[in-house]
Amino acid sequence: MQRIGVFVCHCGTNIAATVDVKAVAEALSHEPGVVISQDYQYMCSESGQNLVKDAIKEHKLSGVVICSCSPRMHENTFRKAAASAGLNPYLVEIANIREQCSWIHKEIATATEKAIILGRAAVAKVHLNTPLTSMESPVVKRALVIGGGIAGIQTALDIAEAGFDVDIVEKKPTIGGKMAQIDKTFPTLDCAACILTPKMVEASQNEHITIHSFSEVEEVKGFVGNFTVKIRKKARYVDETKCTGCGLCTEKCPMKKVPNEFNMGLDNRSAVYIPFAQAVPKVATIDPNYCMMLKNGKCGVCSKVCSVGAIDYKQEDRIIEEKYGAIVVATGFDPIKLDKYDEFAYSQCPDVVTSLELERLMNAAGPNGGTLLRPSDKTHPHTIVFVQCVGSRCDDSKGKPYCSKICCMYTAKHAMLIREKYPDTEVYVFYIDVRTPGKNFDEFYRRAVEQYNVHYIKGMVGKVTPKSDGKIGVQASDLLSNEQLHIDADMVVLAAAIEPDKTARPLATMLTTQMDTNDFFTEAHPKLRPVESATAGIFLSGACQGPKDIPETVAQGSAAAAKAIGLLCKNSITCNPCVAHSDELKCNGCSSCEKVCPYGAITYIEKEFRMPDRTTAIRRVASVNPAVCQGCGACTVACPSGAMDLNGFSNSQIMAEVDAICK
Amino acid sequence: MQVNENKEFQPLIVAFCCNWCSYAGADLSGTNRLNYPTNVKIIRVPCSCRVNPMFILRAFQRGADGVILCGCHPGDCHYTSGNYFTRRRMTLLFSMLDFLGIERDRTRVEWVSAAEGAKFAATMNEFTEAVKKLGPNRRLEDLRCRKQ
Amino acid sequence: MNKNLKEQVLRSSGVNVLKCMRCGKCSGTCPSYDEMEYHPHQFVYMVEKGDIETLMKSESIYKCLTCFACVDRCPRGVQPAKVVEAVRLAAVRQQDGNRLSADQIPSLLDEDLPQQAIVTAMRKYAK
Amino acid sequence: MLKISLSRLDELFAAIAEKQALYIPADRADGAAEFRKWEPGTAMSSKLNTLRSAKDFFFPQTEDLVDFKMEGKNIDIIDRRSEHEDFVIFGVRACDARSFTILDKVFLSEPVDSFYKDRRDHGTVVTMACTRPAETCFCGAFGIDATEPEGDAACWSDGEDLFIKANTDKGRAFIDSISSLLEEGDTAKLDQVKAKTKEILSRLPLAGLSTAAFGGDTLNEHFNSEKWGQLSESCLGCGTCTFVCPTCQCYDIKDVKTANGIRRFRCWDSCMYSDFTKMAHGNPRTSQLERFRQRFMHKLVYFPANNDGEFGCVGCGRCLSKCPISMNIVKVMKALEVK
Amino acid sequence: MQEAMIKRAKELLADGSVKRVIGWKRGEFAYDITPAVFESAEELDKDFVFDVFTSANVSKYLVKESKKEGKVLVFLKPCDTYSLNQLTKEHRVDRDNVYVIGIPGGPKLDIEKIRAKGITGILSVRNENFTLKIETLYGEETMPFSDAILDKCASCKSKKHVTYDELIGEDGDILDSDRFDMVEKLENMTAQERYDFWREQLSKCIRCNACRNVCPACTCEKCVFDDPASGVENKAAADSFEEKMFHIIRAFHVAGRCTDCGECSRVCPQNIPLHLLNRKFIKDINSLYGEYQAGADTTSRAPLTDYTAEDCESSIVHERGVE
């Protein structure tokens, strides 16, 4: 038999002014199971809490109902009070008679009647409450960072700094990501390599950091604190442990006609290559699509010239398995393909380039050694047109609906750098809006206009036409002077929209994290939890979550690291006990629940059962991981047999509330 | 359901509110002292997707005259996708009730965020009025469950 | 501002002018730009403002070639050409103001004008 | 024998209904026949039998027993029993009429089921002889003569007139109450009709069905038969056979939560259901084989063992036509009688 | 056809590829056919039948049979293959342990429709050029074949087998059926008319559970209606609410999973058109969330375990059809 205590709070006059609290206490004292029903001035005060604690002890209460303010306000207060008096905290229920009764109603009679009904529902519910205990789940003290760009590097360094082991998985042969390809950074115009490469070296030398370059995540299992990840280490046909990065093989390789992806295909590399001079790890990789030895067994030059015998044509992909407590996603971005925007003639004309291509064209390690020359005829361009928002801010059918955020600033940077280095060059920037929120950003843009005399023209370019004389006709409307402009340019630079890396979506599926329609990872809360995914233990760093510039990326990388460190610091995590659980005897193993679980908390096991007809059978049944389940209850409704139920909000509890209200 | 010959019909309305948005929205309308009728009684659930069609039928069985389900706005679910499942489930359930000839206005789903205290109160006022117009729920009531 | 006219233009064009982000790409790509008093982006903006009578009075409505370059290029899918067409249609519907009188025709005739165009014009504007 | 012209049937019904409630078989919209309270204009069905059996009159599918009314912590117990009014069921077939004898053995033996007895005391059963038996009929196997039905009073039709004869005191009182409408009539034509019906009965496909292999003393032989496995393997475990059966008499007692207490009621149960006779320890019959076997052993062995050889089946054929998978007592009997 | 089926079944039994055969067994009359498991050539020869009355969908028996030792051969009509796929998808049937022979579908006959013509004492039914010759105790009767077709066959949705290991006879196509006509007709009634329609229909329910127990989608280890813990358990339709409750919840539980095999209506001893409830859900799902045929495959996501951010709001119910 239940022994329930009811405590009605006056909340000063907040409740007592419109609800006859004495009448409520009196009415509820007659409810089945209620052994004590009291009212008090301020239930949440220390003396109010003591009243509850004493009653629990004196009356040996098996359940407590507090009629007071919203449970969102003081549920925890009263749970703690109950716990300190030896009652399981989950045997406390709150009837919200302030926010949802006294504050919204005026007439005492009806408000009191409603308060009694709300109290009665809470009593009915608490009858069915069960003691719940939070589970503890151990935390593996190692983190995985997926993606080795500046976001991943920053996150890894910060986590390593805190003393935890961290692995970086990078699909390319070197870490560094997009930032390594960038020439200078805004708004300070310092050289990207100068600030990035020391961090890359630091990462490679940190004893806590392991870099798996040329590797990809193959499979993710487990849950917060305890992920098991399979990583595919792709065959690079070079023994990483032996290669010294001397580069002799790359010099001697006879196959030199391979488009160099690091330079955006603007020049060539050899079949065995090191992406760039400061690559980390500085190890050669053989491109099997071009290597003649791998393609038809005829060559072997690299193997002959390698003094340490690092070349291994027989190398195969390797799968390694590792356990992690936290995973940080830092898969970054890519510029979109521009093939479908034929109005900008990107595919037809080599002198129409993307901004990232321009970065390489201007970079000292780029195809022209840092001299800006037209790709087509290697001549100096005198008129350069920049087109903003190519593929950004579009209708869904035309491109990306979002603003790519970084283009305004890097274009100002490009324009400024060009005007500084080549003052004889006219630079036009066609913009829709110039968006420069950020520290020193607008000042930077104004400098481009005021000091460097870059021509900013409001209006999107309508048409780009390569001409027979090598010039490029640019047609655009100047919306402010209301005239159509026709510019004969030597080069056109397109600020292509950026999109999440193609590997992000399959990865999100593996991680059971959410993505938006643009394939950006969705944060757990857009304002308050911006670096966590909704899946516990998975954190987001950098542009995989949305377009970002470098400072923001680094900030988010560090924030994600802080969140991961917070998790790794714990020896175990306390789980919310209000989670789903499956009655295995009723479970059909139909997988409906698994399909609606946003957290991947449900798995299936084959289990032997003694059936009611005295036989044994192996049945497939659902099993909820309480460490992963967040307690939404979606599965409870998807389950046709009612095998799934939710602690704290069980079917019978909610129906008891319904019954009590509908009396 | 309470009928008094001299008094206006007072419908009984059960509102299921998700803990994160709508229940907080209801709290907010309290904090802002925005009135809505006492007819509305709120049941707190973790997420709108916790509401089993069985609960709604149960309420009608036991004499509720209207049932309203409130959750976070689509896209804002605390659990990321719960209200999307709710939306499908309730659309189909309501359509079925309609198919069986149960008055449409007795059921509703409304998305109320934690900031929309005013919307919560307005919704409850409006819904109560709509149900009041329909009169007592006769088509989906279990007569045996009435007061003896 | 004439609300009815605006509504009529919006309805007959089926265009949501509020989608326009004022990038001017329509005008940037327009081959008739120099012929027009009001340019495609202005059409969109002026329709949004409800300033339709000005557009109806302007020769611009007959200068649009309906080549649909603006429709194709618009990043927001606004379809300016349809707006121009709708304004033109609004003008045509007010037949009295637009109908040619018989004695005006000879001076307008041009030997290079295809016969079919003349017949079409007659059909369109004659009562 | 007393008779009334069939053309005056409505007059007869009106006269009966004037004194007490009258139920006759009538066709419903979907073509099936059901017992319906007669009111002017209700036409008697020409169907052989009603879809549901006539047992509902004495043993309805659900019946409230008692209310527990709670006020605060007090519980009031309210008896839901109320004295029934007199009623007449007209047109019951011979098979269903026999089913009342079987139900009586269950409900009227000590301890008497007062709910059942009350209804039984107030009900007068007027039967109607069959003239067009169906292929699913096998009442003959249980010694029932469809041309000589039991009941408080029995009726026959020869196509022109309705003949009526009392079998019991209640029947005699019933006939007395309508005697003003009746006249003495010649049964020559009726005898011909009866003879013709008897001839058809002898030609029924199931006419040769015999109960010889069954009875109270055949328990061990049948209980342990290996045939139950095959017979029951396709049984869905639904309660259709039980619920259309005129003799199935098992019920469950259940509680329903009301606004302020509990209402206790009883409702038909089916031995085909997995929770049938579930007790604290669980379920005595855990497989569908056992449950299936229970139903037929009960009708063919246990019931006669306890009731002077009376079988728990009347051969009405309802389960033959309604079982979703067409497994039925005839197939069971035929399978089991082969040694 | 029957001979070919028996022959093939015997071959597969003989060479040990299958241990058991699920098919249909001859009864006392022309029409009372029972689904059965055959384990030997003799049993097949003696009782195996396939004709116009073998309408029962035997796929549900595979839940039990596929878990037994040895492979089971099952003969499935096109509609039955949808049920099997759905069961496979929900891990209720071990498909690897089942050998499916696809056989042509209906139209099958409904004995109740013959009886409804007043034909009684039925001894045999023969189909001659689409006229049924029915021998009865009271002489021979005739009626058009088309008048006796089972409702579920009359609105057949597909003659295509969606899963099989081999076929006997030709495979057919997915058909354009008129199966939603009655649902639409009801939708166009007023709420009062719909209420009256269903009150009349559902008041006939005797809660025998035949619809549930025959349903290939209802294979729960423990049905909520049998489970006192569920809060909806009950044995009898004691009140008009209970009738509605049972059928609403049942239809909802199979929504998005029901293949529209029509067995529920076929077996209802009270002739309640239960399939209309399931079809209502199918129709809604098709129109609101895109065409979906449960059981058409074993991988797609069921509509109720899926969503898009652009789904319609439930207020659409208020906006369409007749109040």
Side-chain angles (χ1 to χ4, degrees), chain D residues 28-32 34 46-48 51-52 61-64 132-137 200 203-206 230-231 233-244 251-252 254 256 263 265-270 272-275 278 288 318 320-328 330-331 334, chain E residues 22 24-25 27-37 39 43 53 56 58 60-61 64-65 111-112 115-116 118 120-123 136-138 200-201 204 206-215 222-223 226-228 233-239 242 263 266-273:
Chain D
R28 61 184 198 202
D30 65 3
E34 64 178 3
S46 61
K47 295 275 178 330
L48 174 65
L51 199 154
R52 295 175 72 160
Q61 185 159 14
T62 61
E63 182 167 31
D64 290 341
R132 277 174 76 87
E135 76 278 10
T136 50
C137 291
I200 294 166
R203 284 197 289 121
L204 288 178
L206 302 176
Q230 258 201 356
L231 287 168
E233 74 195 349
S234 47
C235 176
L236 299 171
C238 74
T240 309
C241 51
T242 323
F243 290 176
V244 297
Y251 60 82
D252 195 0
K254 307 201 72 87
V256 59
R263 174 162 298 171
F265 67 104
R266 71 171 167 192
C267 59
W268 294 351
D269 202 348
S270 171
M272 294 295 193
Y273 289 169
S274 56
D275 60 350
K278 187 173 179 177
Q288 199 56 32
R318 285 188 179 90
L320 271 65
S321 56
K322 289 299 171 193
C323 174
I325 53 118
S326 297
M327 178 46 69
N328 50 56
V330 171
K331 288 182 180 177
K334 287 195 170 181
Chain E
I22 300 184
W24 301 267
K25 188 175 177 175
E28 290 296 314
F29 314 110
Y31 54 81
D32 63 333
I33 284 154
T34 305
V37 181
E39 290 182 350
E43 286 174 13
F53 286 109
V58 295
K60 190 177 184 178
Y61 292 107
K64 193 170 64 183
E65 292 296 330
I111 190 69
E112 291 299 331
R115 289 195 176 121
T120 177
I122 299 161
L123 299 173
T136 79
L137 288 164
Y138 309 100
E200 186 193 328
Q201 291 300 337
K204 295 192 288 191
I206 56 172
R207 264 306 278 279
C208 65
N209 291 320
C211 49
R212 177 192 75 182
N213 290 18
V214 80
C215 175
K222 181 113 188 141
C223 176
D226 292 344
D227 180 5
E233 179 248 6
N234 219 335
K235 266 196 177 128
D239 178 274
E242 292 278 353
E263 286 286 270
R266 181 180 71 84
V267 302
C268 178
Q270 292 282 14
N271 313 323
I272 304 170

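Here is the naming used below: chain letters follow the sequence lines, and residue numbers restart at 1 for every chain. Everything quoted here is computed from the prediction, not taken from an experiment.
The closest side-chain donor-acceptor pair between D/Ser234 and E/Lys25, if any, does not fall under 3.5 angstrom.
Within the 3.5 Å criterion, the main-chain N or O of E/Ala236 finds no donor-acceptor partner in the side chain of D/Gln61. One N or O on the side chain of E/Asn213 and one on the backbone of D/Gly237 form a donor-acceptor pair closer than 3.5 Å.
For a residue to count as touching a neighbouring chain, one of its non-hydrogen atoms must lie under 4.5 Å from one of that chain's; by this rule E/Ala56 does not touch chain D.
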Practice item. Given side-chain contact (heavy atoms from CB on, under 4.5 Å), test D/Lys322 with E/Glu112 step by step and report yes or no. Key: CA-CA 10 Å; D/Lys322 289 299 171 193; E/Glu112 291 299 331; 3.7 Å; yes

Review point. Checking side-chain contact (heavy atoms from CB on, under 4.5 Å) for the pair D/Asp275/E/Glu233: CA distance, chi angles, key distance, verdict?
Key: CA-CA 11 Å; D/Asp275 60 350; E/Glu233 179 248 6; 4.1 Å; yes

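Of all the heavy atoms in D/Glu135 and E/Leu137, the pair that sits closest is N-CD1, 4.3 Å. Heavy-atom minimum distance, E/Lys235 versus D/Cys267: CB-SG, 3.7 Å. Residues D/Pro133 and E/Tyr138 share a closest heavy-atom pair of O-OH, 2.6 Å. Summarising the geometry of D/Phe243 relative to E/Arg207, their closest heavy-atom pair is CE1-O, 3.3 Å, with the distance given to 0.1 Å.
With respect to chain E, the highest number of heavy-atom pairs below 4.5 Å among D/Arg132, D/Lys254, D/Gln230 belongs to D/Arg132.
Within the 4.5 Å cutoff, the side chain of D/Trp268 has no heavy atoms near those of the E/Ile206 side chain. A 4.5 Å side-chain heavy-atom check between D/Ile325 and E/Trp24 finds every atom pair outside the cut-off. Contact check for D/Lys331 versus E/Thr34: side-chain heavy atoms found under the 4.5 Å cut-off. Between D/Asp30 and E/Gln270, every side-chain heavy-atom pair lies at or beyond the 4.5 Å cut-off. With a 4.5 Å cut-off on side-chain heavy atoms, E/Val214 and D/Cys238 do not count as touching.
In this structure E/Glu43 satisfies the salt bridge (charged side-chain N to carboxylate O under 4.0 Å, His left out) test with no other residue, sequence neighbours excluded.
The pair D/Lys334-E/Glu28 meets the salt-bridge criterion, with a side-chain N (NZ, NE, NH1 or NH2) lying under 4.0 Å from an Asp/Glu carboxylate O. Taking the charged nitrogens against the carboxylate oxygens, E/Glu200 and D/Arg28 have no contact shorter than 4.0 Å, which rules out a salt bridge.
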